[in-house]
Structures are given as structure tokens and as C-alpha cells.
Amino acid sequence: MTIATFTIDYHQYLKPDGTLSQPLPKDLDHNALLKLYRLMHLLRVFDGRAINLQRVGKLGTYPGNIGQEAIGAAIGHAMQADDVLVPYYRDCAAQYQRGAPFHKILQYWGGDERGSDFNNAEDFPICVPIAAQSVIASGVAAAIKYRQQKRAVVTTIGEGGTSEGDFYEAMNVAGAWNLPVVFVVNNNQWAISVPRSAQTQTQTIAQKAIATGFSGEQVDGNDIIALHERIRMALDKARNGGGPTLIEAITYRLCDHTTADDANRYRSKEELDMAWQVEPLVRLRAYFTAQTVWDDSKEEALLLECRKEIDKEVDIYLNIKPAPVTDIVDYMYAKWPESLKDQRETLLQFGDSHHD
Amino acid sequence: MTIATFTIDYHQYLKPDGTLSQPLPKDLDHNALLKLYRLMHLLRVFDGRAINLQRVGKLGTYPGNIGQEAIGAAIGHAMQADDVLVPYYRDCAAQYQRGAPFHKILQYWGGDERGSDFNNAEDFPICVPIAAQSVIASGVAAAIKYRQQKRAVVTTIGEGGTSEGDFYEAMNVAGAWNLPVVFVVNNNQWAISVPRSAQTQTQTIAQKAIATGFSGEQVDGNDIIALHERIRMALDKARNGGGPTLIEAITYRLCDHTTADDANRYRSKEELDMAWQVEPLVRLRAYFTAQTVWDDSKEEALLLECRKEIDKEVDIYLNIKPAPVTDIVDYMYAKWPESLKDQRETLLQFGDSHHD
Amino acid sequence: MTNITLLEAVTQALAYELAHDENVLVFGEDVGLNGGVFRATDGLQKRFGANRVMDTPLAESMIAGLAIGMAAQGLKPVAEFQFMGFSYPALDNILNHAARLRNRTRGRLQCPAVFRMPFGGGIHAPEHHSESTEALYAHIPGLQVVIPSSPARAYGLLLAAIRSPDPVIFLEPKRIYRLVKQDVPDNGVALPLEKAFVLREGSDLTLISWGASMHETQQAAEVLAEEGISAEIIDIASIKPLDTETILCSLNKTGRCVIVHEAAKSGGVGAEIAAQIGEKALFSLLAPIQRVTGYDSTMPYFKLEHSYIPSVARIVHAAKSTVGFS
Amino acid sequence: MTNITLLEAVTQALAYELAHDENVLVFGEDVGLNGGVFRATDGLQKRFGANRVMDTPLAESMIAGLAIGMAAQGLKPVAEFQFMGFSYPALDNILNHAARLRNRTRGRLQCPAVFRMPFGGGIHAPEHHSESTEALYAHIPGLQVVIPSSPARAYGLLLAAIRSPDPVIFLEPKRIYRLVKQDVPDNGVALPLEKAFVLREGSDLTLISWGASMHETQQAAEVLAEEGISAEIIDIASIKPLDTETILCSLNKTGRCVIVHEAAKSGGVGAEIAAQIGEKALFSLLAPIQRVTGYDSTMPYFKLEHSYIPSVARIVHAAKSTVGFS
Ligand SMILES: Cc1ncc(C[n+]2csc(CCOP(=O)(O)OP(=O)(O)O)c2C)c(N)n1
Ligand SMILES: Cc1ncc(C[n+]2csc(CCOP(=O)(O)OP(=O)(O)O)c2C)c(N)n1
Ligand SMILES: [Mg+2]
Ligand SMILES: [Mg+2]
């Protein structure tokens, strides 16, 4: 006897060839779309620079966003200022829109904690240990619910990360407590070298929400329009007491996992080439071109502008003064413990001599 | 656009009034059913004794099985000797059938590790930390699969335990690797004082399998016939390369959580009374009575026999010689480290004086 | 008059803070209607409502994550783990996030959370209900680890823990939850978190302990006193950070020391205390420091647990051989 | 000739055991085709098949659980955690199950599993990629914790770990993964797990360390030698259980000791070593034991990590003041 039935839907507005599969949603006009287009370009230029900076020894390991620009761009645009972002490590576009300038993002990946001290009082910094951000996001949402505020939380994760228990625990409490949180999965098909198919037997990642009692859906993760619309709706729902949503954004990581990775070891050129056909920027440009709001000269001007902006940010980054060694201890507690003050002295005595 | 659909089924053979809702499955004849009936009685008698032993200070905290006897009974009966049981702490009937005599079970709850050294080379002992047994069970199943053996694993958990990340991680790898393991959830409606409804927002526990890509189903957990049939089928499937199954057995804990608990603090008498109407023993007895294979005198004789058997087990338990204090260290490693031999000497010198 | 047990002092402190600060939330498994398995939160849900004292789903990593997220929002979450042995699934979130949030963001975000858990053996509990692994938490920079051993200290230290701007692991010695009663006025006065307490002054040797073992340590001091040996007793109370000054002060006076703890010996907090004394007061030492501890074995099931937990006899024996050493 | 790095020695040992014992399985995140993020399992999947060298889903608690379940079935799982900082979700399964299976069942079930993980800082890695929390594992009864500091010891100790009937935490000092090459014959000969290694004999003081810090410790000994100070060097290698005898033997000779480790000072393994020396060789000590360690703060991001990791200068300074102490 069948006692329960569940379905998973898929959402798309903009097809890979740049034509619409359904009419534009009302809240995204061409101006907004152009803004998002610019943002995605900016991020792609930034990524290129970051990867180069790493190659010349001026940045640490860096995880690129190439191919996944639409997700962060949509999140950042759809969120309201007083919402809270609890990101994973591939969310530059969202972080940028919410107050983390690119030089801070570089500073973070440049091995300097001050990079996470950016101009947003409540957003979380990048979370490196996978899936912990999910449960923390539910905690932020619980605080918002306790205070009866009309705000929501967005937290992101990779499709590999959805195999972690924390992801499930976070969704379970979000469902049980009807928390205002949106879980966005960046399904970029790979967790370093492990393909999506080896990660889980499920047909979709979206259906993982069925295990926690709320709705999950798939969205074309290279379609900024669909992403924005579905995230905006999920946020509205969350802010209005409708509880959590899981959004699986289907995309592809066009770069290596990080600058320390060599994706050629584990994935084929064919697969990569195919993915380049459906990536988010080309698609939106095709749409603009068809709408005759865009042309090559506009594109060139935009790229120039982006490069200029990123140059400026890189410049700021490269000129940041080193932190004093005592920063190593001075932020551990509101007040460094009395009994450990000799450690601070040793640090002062020896710390600086080992700068490299 | 809907891209995936999932359903959850419910299985029952024996209705609460003892009538059949569908014909008996072929592999359970009356003899087998009588055996299972006896087993459930035996367990209920055992539970009563164990709870009394605790009250008079001759046993530690004990978690009763009252109301849930059918689940363990069905598991034990459906498993083959070379399958592996990785149980939680409310599985006496299964453990008993697989070589753990009741005096060993008492010894375990009597605070003596030797209780887990029972006559089964591969079954796991009771797992107290909730949900760890699930991932371990997947490990056992992975070993079986690696060796290409035709065996399967059964692991159990409470419905509260399904909120733990380990439960999800275990199911996820079982699905991804198509492991021969059956996850049985004892949904007894309560996790100590927390009701099922507060544990998760899902309509069923069975649907949690949808998140891990294999089938889950609900079974009437007070119906030994349905339980046995569905577990047997799941085991067959697992042994034959069909992969994992999640079975949610819907039952009710008729006793306190443990002897340290007072369920009156958090649940109503009405709810408890209702649950007594649908419990597994009364139901099977009604069926037997209707089939005229059973009567009061047979019932009395059975009870007497059960009491005798349990008396004997209790007797063995109460006469077990204390373990030497050196047992505290002697099983920690295959060989106690040389550098810690002075600790063993201290233990010998001081250990015995503190027996209480 | 509030003549209360250590357990009741915990409840009293929670109630005080719930009443005086609406940012305080209490949650965990069974802490609501049931009042916790030890009744530490008894009556709190009824008094303060189910939005301030709430049962969670059964998932410890999630409990820690909730606390961290709430704390970052400026709330003061007080999360309970039912037993220390069940706190391990939360270690990742506590070590990697609670302990680091301030440092990671250079103070932009903070984690004023308290993680309460009953710990230690001796109550005839099942497996995993008797751990003393305080050393795991004490090794982690960014955490504070606090252990009361009397009703008054439970009250004052828990208030301080809740008010602390940084995360506190608050370990409750369940063996002495109901051992003694003490008059603990409900005045909201906190105790300092970084201080050890000298419970008894003495001149021949220093006995150092914390938690439930304070009980046997104090009994041992009585036995020693009868034999003319004057023991100074220190309750460490804050095992992270350690109040080294109070310890050294005593050692410089007595020159002899026995450290008592229930945890396994190797890598226990006793090692750190002994190492610090050796570092800073080596030549005050008139005898080797002895550690009377649990063995380097898993805490046994309850039939043998009292052979594991440091006994008065073991402490007295160690104290005498320390005093007799020359 | 097999002139190989520490990293290659790990691969060589894995390959040897995979080839000689079909019960050995290697698994973890990205250990298959990719050969692990450090290439420790490079080529193994190709050589031994995807049923013996397998990528797992991304879940550390599950990785530990798989290992425990397999080990109980008599397999010899070698599980990799990508970085030590990501092993924490597995702590529950390792502490509560791997470490206890034998004791819990009185030997009926065993857990011959190895948990490998790269640890330590100094490679300019992102946050959480540079932890040295070996003390967490070393405190837990039932575990063995082994740390090689040379290619030969990596090979011999890893073979021993895989063959051990009990669980081993095998920590690989990633900073020296590729630092030196050594001739390591692939002869399948294991080293003992419970032994410390005296790397250099000396008479003035004993330098004790393990893992990557052995490198700076050995450099410091060179500097000291130039100044006429003769340092004995011990590589602890097995931090659980500790080879106390080798340590005491050296201390009775030198009377002076500096312990070096990268982990935070409080509650680090150095404390246990210092405490044991204080217990058993107090009056051989001519100077306080000094610990040159990481600070009681989170390992900083890489811009400052070299100010955190014990440097040659710090070790030399401590050694000189120890030797000069009177
Ligand atoms: C708990 C934890 N385990 C392992 C890692 C190492 N690691 C970093 S990224 C990564 C793969 C993540 O894949 P996915 O979640 O799909 O996100 P993506 O990087 O593809 O965006 C792994 C295993 C980690 N950071 N945290
Ligand atoms: C990891 C962990 N957390 C908490 C506990 C304490 N505890 C023991 S039983 C229990 C409730 C379990 O409920 P459920 O899973 O529904 O099983 P039931 O006891 O109802 O059969 C709790 C919270 C534990 N044993 N392990
Ligand atoms: Mg991915
Ligand atoms: Mg239950």
C-alpha cells in the first residue's frame, strides 16, 4: 500500500543556446541582468588573476569559481542586506556582493586571517571543513527565528559535501524547527577527483530534502535567471515562515579543484569541452545579443572595466602591511589568559625572525 | 518540470484484531509462528525479570523491549547463521537467537564486559553511542562484498537515532557501493522524552532512504508476519547483489526508556493505553485463537516454561564469578605495552580493595 | 535559604541567567519537559517557555552547530550533551569552529557558547556514560574548560561561563551531583573563570585535583591529617587556562605534590600540571610529583569501575610516599 | 636501489602490504585514480584494482566506521583522512569504537585498522590543513599513535602499523614528505611500534621530538655541536605507547632535556614526557625540562605559520639555557 509520494522538479529559464524556455520572471529586468552579467565577468577576471598570483607565489592554494559564477552571483543578488550568508569556499561572487571586497578574499587565500574581517557584521567567513557550515547555518536561522525577525540564511555546499552527516543533520533540524534557511548545493559534478556518480546513488541531490521533510528542487546552475528566481522565492518563503528549501544547482567546475590540483588526472577533455558549451556567461551573452542589447564593443568595454577593477584590488592586496606576530595569540580570547603571558613574550622574542 | 518521483509503501499482514489483511507468506507456517510467539513471550518474561533485578540492585540501568518484541524476533528468525547482526541496545530477541544467551545479556547490563563475549564470532555487541553502529554495519557489509560472499548484515536503530549524521552517512555509502545491509528502524515513537514528531519533519522515517538512493518501506512493527517477510526479502535481496533496504518498523515502547527513566513525566496514559491495544503478542494470540491452534491452557504452559528458562538464566547470571581486576587492562591491546607495566602492578596492588 | 546540591546549583544558575538575560537559550536532548536525564534543567521549560528551553533532534554535531550559529548572532546558547561520551560527534564543530570563530574573523564574530556535559564515572551507569576525557578539550586553544566540585562553585562558575564572551566547556562531575548540600544564595554573583581554589591550607604537601575526585582527595587529606601530615588542597576548577600561579605558590611552600584525576594517566591534564611545575619550580621539589589517576585503559563497566577510579587509599599511599621521600 | 622520500616510502609500504596480503584494503577521499592529494597512493588503484584501493564518498565518520566494520571481519583496512584537521568528524568512531572493540568484547572482535593522515604545518596550506593535534589521539587508551620522521621509519613503521592487531593512528609529517631521500629497500621488514629511536648520541642534553620538528631539532643539534654542546637526539616515533625506557636512559646520562613539538603547548605530548621524566628521573635532572612548542593558539594561516612552528633558533636558545642552567 503506497502511503506517501514525492516529486522533484527541475527549473530553467535560459537554455544553453540563450533562448528562453519560459518568460522572464518579473523581478529581473535587463538592467539587473546586465549587472549580474558584469558581476560574473568580474569574478571570472578575478579568478584568472588569483590563479596567476598563486602561480607566481603571491597567493596560497586557491579554489577557482570558473563555470560556477552564476550561483554565487544569483545568491548575492537575491539576498537582502540583513540576511546572513554562511558560505563554503567557492562563493566569491556572493561574498563580494555582501561586503567582502576582492582584496580581502585574496588576503584570506594569501594566508592572512584579516581577510575574513570584512565589512559585514554577520556573514560567516569561508568554511573549509566541509558541511560544518550547514549546521552552523541552521543555528543562525534558529537565532533569527527565536528573535522573530524577517530575515533568512543562505548556506552553500558542494555536491560532494552532501555526503557528510552534518549536511543531513542541518537539514533535519531546519525541517523539524521550520527554520528560515536556504541550502544551495553547487553540484559541479566533481568533488576533487570523485565524480558525482560515486558520491551517492541518488538520481538527484535535490531529493535529499525528502529525508528531512521539506522541498528540494533542481535548478539549471548555469542559468542565472532560474537561479535567481528560485533562490529569491526560497528566501521569500523562508522569511515568511515557510521554512527551509534545498536547491540543487547543476553546474560544472571548469577549472581545477584548486591550484594544487590537476584535473587532467581524473577527467576527460571531452567532458570538459562539453561543459564549456553550457557555461553561464556565454549563454547570457547569447541572450543579450539576440535581444540586441549587447555587442562586441560593449563586451570589450566591460572586460576592460573588470580588469581595471580587479587590478586595483590586487594592488591593494599586494600592499597590505604584514600583521604583527602577536596577532597569532591576540584574537584567541577576548582577553589573553594571564597564565599564558610568558608565551606571548616568547612569541615577541622569536616570532619575527622567522618571517618568510 | 517533474524529473523524479518516489513512493513509500506500507506492509501489514496481521491486523491489530488478529485477522489477516492478506494471505500468509509461504515461508512462515504455524510452527514457525508458534516458535516466534514463544520467543516474544520469553523476551517479555526476561524483560520483566531484568527490570526487577535492577530494582533490587542486582542489575544496572536496563532498557526494556516491551512492545517491541516482534522486531528483534523477526530479525533473528529471518537472518541466516552466517549473516552479521550489528545491533543497537534494544535487540535482545535477535541477539538471543544468534547465540547470546540471556545470562550474557544480563551480564552486560550488570556492568561486566564479558557479557559481550558471547557465542557468535562475528556479530557486534550492543552499541550504546547512537548511530555509530550504522556506519560500522556498512563496513561489515563492505567486507562481505569485497570477499564476494553471499551474506548480509542487519543493523538496527531507534527512530530518534535516525537524526544522527552517521545514520545518513551509513545509508549513503550503502547505496553508493550497493552493500548487502538492511537498516531496520525501531520506530517506537519516542526517543526518551522526545516524540517522533519533534525528531524530524518527515511523514515517514522510511523516506529517508530516498536521500541515499535505495528503497525504504514502512512495516507494521507489531506484526511479526509482516516484519519477518519484509526483512527476509530484504536479506535475500542483499545477499543476491540487490543492495540495501531501509525498513521502518512502526511500534511503541510500552515501558520506560530505561529503568532510569520515568515515562510518566512526558507521555499520557491515554497514549500508552492505546498502544497496549495493538501490541504484537495479543495480536498473534488472537490469530492463533481464531485458528484454534491456541487456548488458555497452552498459554499458561508456555508462560510457565518461559519463566523456568529465564529463572535458569538469571541463576547463571547471579552466580558468575567476578572478573579479576586485571581484566581492566588485559584486553586493551593484544599485548599490554611494556612501558605501562607499572600501571598493571598498581592495579594489582590497589584494585581489589575497592570492589563494592 | 537555598541549601542545594551541585546539580541544583546548576539549575539555579541556568534559571538565574534565563531570567536575567533574554539572549540565553538552553537546549539539548531531553532538556525540555523531561528536565534532562539528571534533571539539571528541571522545570526550566515550564518556567521560561519552549522557545527558550528546547529539546533538539538527536544529533550532537548539530547541537554544537546550532550553538555556534546562535552565538555568532549574539545569543548565549547553553547546550547540553547528555553524557560526555556522546559529545564526540560534536568535537569537529567545537574544535574547528567554536574555538576558532573569534580568531578566524579577528574578532568580527564571537562564540559565547557554553557546552555543558556530565562527566566521570562511579554511578553504575552503562558503557560510555562514565568518561573523563577533559584533556581532549583542554588541549584546544580557544576553549575554556571549567569543572566545579561544589554547589557554590557550580553556581558561580556556570554564571561566569554563560557570561563569558568565549566558548566554555562546562563539565559537571555527576558522581557528586547530589553528594553534599551547601547554602548557595541565588544572587547572580559569578566566580572568576581563571582561578584555582585553595580548599585547605597545608604545609607538607599539595594535593591537586578537580571534579569528583576532589571528594576522595579531601577524604585523603583527612586521613593524612590524622597521621600528622598537613596537606594543602587545590581545586583546579579551570583546567583551561590553568591558574599556574596558585599551583606554584603552593609548591614553593610544600615542595611535594600529588595530582589526582580520574582520566587515563597518559596525556591527562595531570601531565600538563606536572610539566609546568617541573618547568617553573623544579628546585622547590623535594620529591617526584606523583599522579594518582585512572589507568591507560578504557573506563571499565561498572562492576570494576571502583577499581579504576582513584581511591582514598591510593591517594593516601601516594601522599605518604611523597612526604616520606628523601 | 630505492632512493625515496618519506612520501614514497609510504606508497612503497602500502604497495608491499597490498601485494602480500589480500586482506589489506586502502581507501579514503581521492585515494584512487588521483592517488591522494599528496600522491601517497599514487598508482595503487591501477596496480591493485578499484576493489582494493577505493575512493569513498566524502564523509569521515563513515570512513572510520567502514574501517572498523571491515577490521572486525578480519580485513586490514588502511583508511586515509585527507588532512588531520578533517579527521575530527571521525573521532567519535575512532575513540568510542576502534579503540574499544577488543576490550569491549574481551577479544572476541578486534580492530586491526590503520588511520593515516598527513599532519603539521609549514607547507603554505589553507586553514585546517596544518593541525598537530596528536595529543588528542595519544590520550585515548586502546589506540597506538605512530609518527615517522624519515623515509626508512615511514616504511618500517607503516608496515608494522598495518600488521598490528590493534588500531594505529599513523601521522605523516607532510612538511618533510619530500625533504630528503633515503635508500629504503623494499624488503617488507617492519620496525617495532613501541620503540623510540636514538638518532644521535650526546652527553650534554637530550633533545626529544617527533615528526617534522625532528628536522629543526637535528639542525639545532648541529648548531649546538659547533658551539661544543653535545646533544643526544631521540625521535619518539611512537607517541602512544611511549618508550619511557629509552627516554629515561638518555636523561640519566645527560640530566638535561628539551622537548620540541609543533602542537600547542598545553596538554601536548611534551607534557606527558616531561611528567614521566619528573616522576622517574627527578633527581637526575640538572635543569628544568623545557618545551619548545607551538603556542596555545590556533595554528595561524600561512603568512605567520613560521612564527608558530618551533624554529632552530628557539630550540638552540632553549638548549643553551638548559645546558647553562646551574
Ligand atoms: C570535512 C572535510 N573533509 C575533507 C576536506 C578536503 N576537501 C576539500 S574540497 C573537497 C572536495 C569537495 O567537493 P564538493 O563538496 O563537491 O565541492 P567542490 O569543491 O566541488 O565545490 C575535499 C574532499 C575538507 N575540506 N573537509
Ligand atoms: C550519540 C548518543 N547520543 C545520546 C545518547 C543518549 N541516549 C540514549 S537512548 C536515547 C534516545 C534514543 O531514542 P531512539 O533512537 O528512538 O531509540 P529508542 O531508545 O527509543 O529505542 C538517547 C538520547 C546516546 N546513547 N548516544
Ligand atoms: Mg563538487
Ligand atoms: Mg525511539
Side-chain angles (χ1 to χ4, degrees), chain A residues 84 86 112-129 131-149 153 155 164-166 168-170 172-173 175-177 179 181 323 327-340 342, chain C residues 22-23 25 27 51-52 54 56-75 77 89-90 92-93 95-97 99-110 112-113 141-144 164-166 193-195 238 240-247 276 280:
Chain A
V84 182
V86 187
D112 186 336
E113 287 83 348
R114 293 174 299 174
S116 293
D117 183 15
F118 46 70
N119 189 26
N120 181 310
E122 302 188 35
D123 278 7
F124 265 68
I126 282 167
C127 183
V128 169
Q133 76 275 19
S134 307
V135 281
I136 293 172
S138 286
V140 174
I144 288 172
K145 190 180 176 197
Y146 169 66
R147 289 183 168 140
Q148 302 180 293
Q149 297 165 335
V153 181
T155 187
E164 292 274 9
D166 269 7
Y168 168 75
E169 291 188 7
N172 191 54
V173 71
W177 291 6
L179 298 176
V181 51
D327 271 18
I328 290 178
V329 294
D330 284 348
Y331 295 92
M332 286 306 301
Y333 298 95
K335 195 175 140 289
W336 183 246
E338 201 48 30
S339 58
L340 299 176
D342 54 341
Chain C
E22 63 177 20
N23 284 323
L25 298 185
F27 55 92
N51 65 332
R52 303 209 43 211
M54 54 258 201
T56 63
L58 208 174
E60 289 75 15
S61 185
M62 175 213 73
I63 289 174
L66 288 177
I68 296 163
M70 290 171 174
Q73 282 285 308
L75 295 179
D92 180 47
N93 266 288
L95 310 194
N96 273 343
H97 300 284
R100 290 171 173 230
L101 199 52
R102 174 188 298 282
N103 186 60
R104 173 182 294 151
T105 62
R106 288 302 181 245
R108 185 171 62 83
L109 296 175
Q110 313 184 5
L143 298 180
Q144 305 168 87
S164 167
D166 290 308
L193 281 187
E194 275 190 54
K195 281 272 157 243
S238 165
K240 172 95 177 186
L242 276 173
D243 176 4
T244 317
E245 204 181 304
T246 299
I247 297 168
Q276 288 203 18
K280 293 173 184 156

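Computed over heavy atoms, backbone and side chain alike; hydrogens, waters and symmetry mates excluded.
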What part of C/Lys195 lies closer than 4.5 angstrom to a heavy atom of chain A: side chain, backbone, both or neither? neither
Using the side chain to side chain contact (heavy atoms under 4.5 Å, CB included) rule, take A/Ile136 and C/Asn93 through it: C-alpha gap first, then chi angles, then the decisive distance, then the call. CA-CA 9 Å; A/Ile136 293 172; C/Asn93 266 288; 3.9 Å; yes
Taking all atoms of both residues into account, what is the closest heavy-atom pair of C/Asn103 and A/Ile328, and its distance? OD1-O, 4.2 Å
What closest approach, in Å, do C/Ala72 and A/Phe124 show between heavy atoms, and which atom pair accounts for it? CB-CZ, 3.4 Å
How about C/Pro241 and A/Glu338: do any of their side-chain heavy atoms sit closer than 4.5 Å? no
Any idea which of A/Tyr146, A/Phe118, A/Tyr168 has the most non-hydrogen atom pairs under 4.5 angstrom with chain C? A/Tyr146
Given that the side chain runs from C-beta out, which part of A/Val329 has a heavy atom under 4.5 Å from chain C: side chain, backbone, both or neither? neither
Any side chain to side chain donor-acceptor pair (under 3.5 Å) involving residues 132-142 of chain A? Give me the pairs, sequence neighbours left out, ordered by first then second residue. none
For C/Met62 and A/Glu169, the nearest pair of non-hydrogen atoms, with its separation, is N-OE1, 2.8 Å
Portion of C/Pro141 that has a non-hydrogen atom of chain A nearer than 4.5 angstrom: both
Drop me the distance from C/Arg106's CZ to A/Arg114's CZ, to the nearest 0.5 angstrom. 8.0 Å
Does any backbone or side-chain atom of A/Ala121 lie under 4.5 Å from a heavy atom of chain C? Answer side chain, backbone, both or neither. backbone
Contact origin within A/Asn119 toward chain C - heavy atom pairs under 4.5 Å: neither
Taking A/Cys127, A/Ala141, A/Ala143 one by one, which has the highest count of heavy-atom pairs under 4.5 Å against chain C? A/Ala143
Side chain, backbone, both or neither: which part of A/Asp327 has a heavy atom under 4.5 Å from chain C? both
Go through C/Ile68, C/Asn51, C/Asp243, C/Leu75 and name the one with the most non-hydrogen pairs under 4.5 angstrom from chain A. C/Leu75
Can you say whether C/Leu109 sits under 4.5 Å from chain A via the side chain, the backbone, both, or neither, judging by heavy atoms? side chain
Contact between C/His97 and A/Val135 at the side-chain level, heavy atoms closer than 4.5 Å - yes or no? no
Kindly indicate whether the side chain of C/Asn23, heavy atoms from C-beta on, has any atom under 4.5 Å from the side chain of A/Arg147. yes
What's the verdict on side chain to side chain contact (heavy atoms under 4.5 Å, CB included) for C/Met54 and A/Trp177, showing C-alpha distance, side-chain angles and the deciding distance? CA-CA 11 Å; C/Met54 54 258 201; A/Trp177 291 6; 3.9 Å; yes
Given that the side chain runs from C-beta out, which part of C/Glu194 has a heavy atom under 4.5 Å from chain A: side chain, backbone, both or neither? side chain
For A/Asp123, is there any backbone N or O sitting under 3.5 Å from a side-chain donor or acceptor partner on C/Arg108? yes
Measure from the side-chain N and O atoms of C/Arg104 to the backbone N and O of A/Ser116, and report whether any donor-acceptor pair falls under 3.5 Å. no
Heavy-atom distances under 4.5 Å only: say whether C/Ser164 touches chain A with side chain, backbone, both or neither. neither
Proximity breakdown for C/Ala71 and chain A, heavy-atom pairs closer than 4.5 Å: neither
Going by the rule side-chain hydrogen bond (donor to acceptor under 3.5 Å, both in side chains), which residues pair with C/Glu22 if we only count those two or more places apart in sequence or in a different chain? none
C/Met70 to A/Ala142 - nearest heavy-atom pair and separation: CE-CB, 3.7 Å
C/Asp166 portion near chain A, given a 4.5 angstrom heavy-atom threshold: side chain
If we ignore hydrogens and angles and just use 3.5 Å, is the side chain of A/Ser339 paired with the main-chain N or O of C/Leu242 as donor and acceptor? yes
Point-to-point distance, once rounded to the nearest 0.5 Å, from CE of A/Met332 to CG of C/Leu143: 8.0 Å
Could you look at C/Leu25 and say if it's the side chain, the backbone, both or neither that has a heavy atom under 4.5 Å from chain A? side chain
Got a second to check how far C/Asp92's CG is from A/Glu164's CD, nearest 0.5 Å? 8.0 Å
Considering only heavy atoms, which portion of C/Leu101 lies under 4.5 Å from any heavy atom of chain A: side chain, backbone, both, or neither? side chain
With heavy-atom distances below 4.5 Å as the criterion, would you say the side chains of A/Pro337 and C/Gln144 are in contact? no
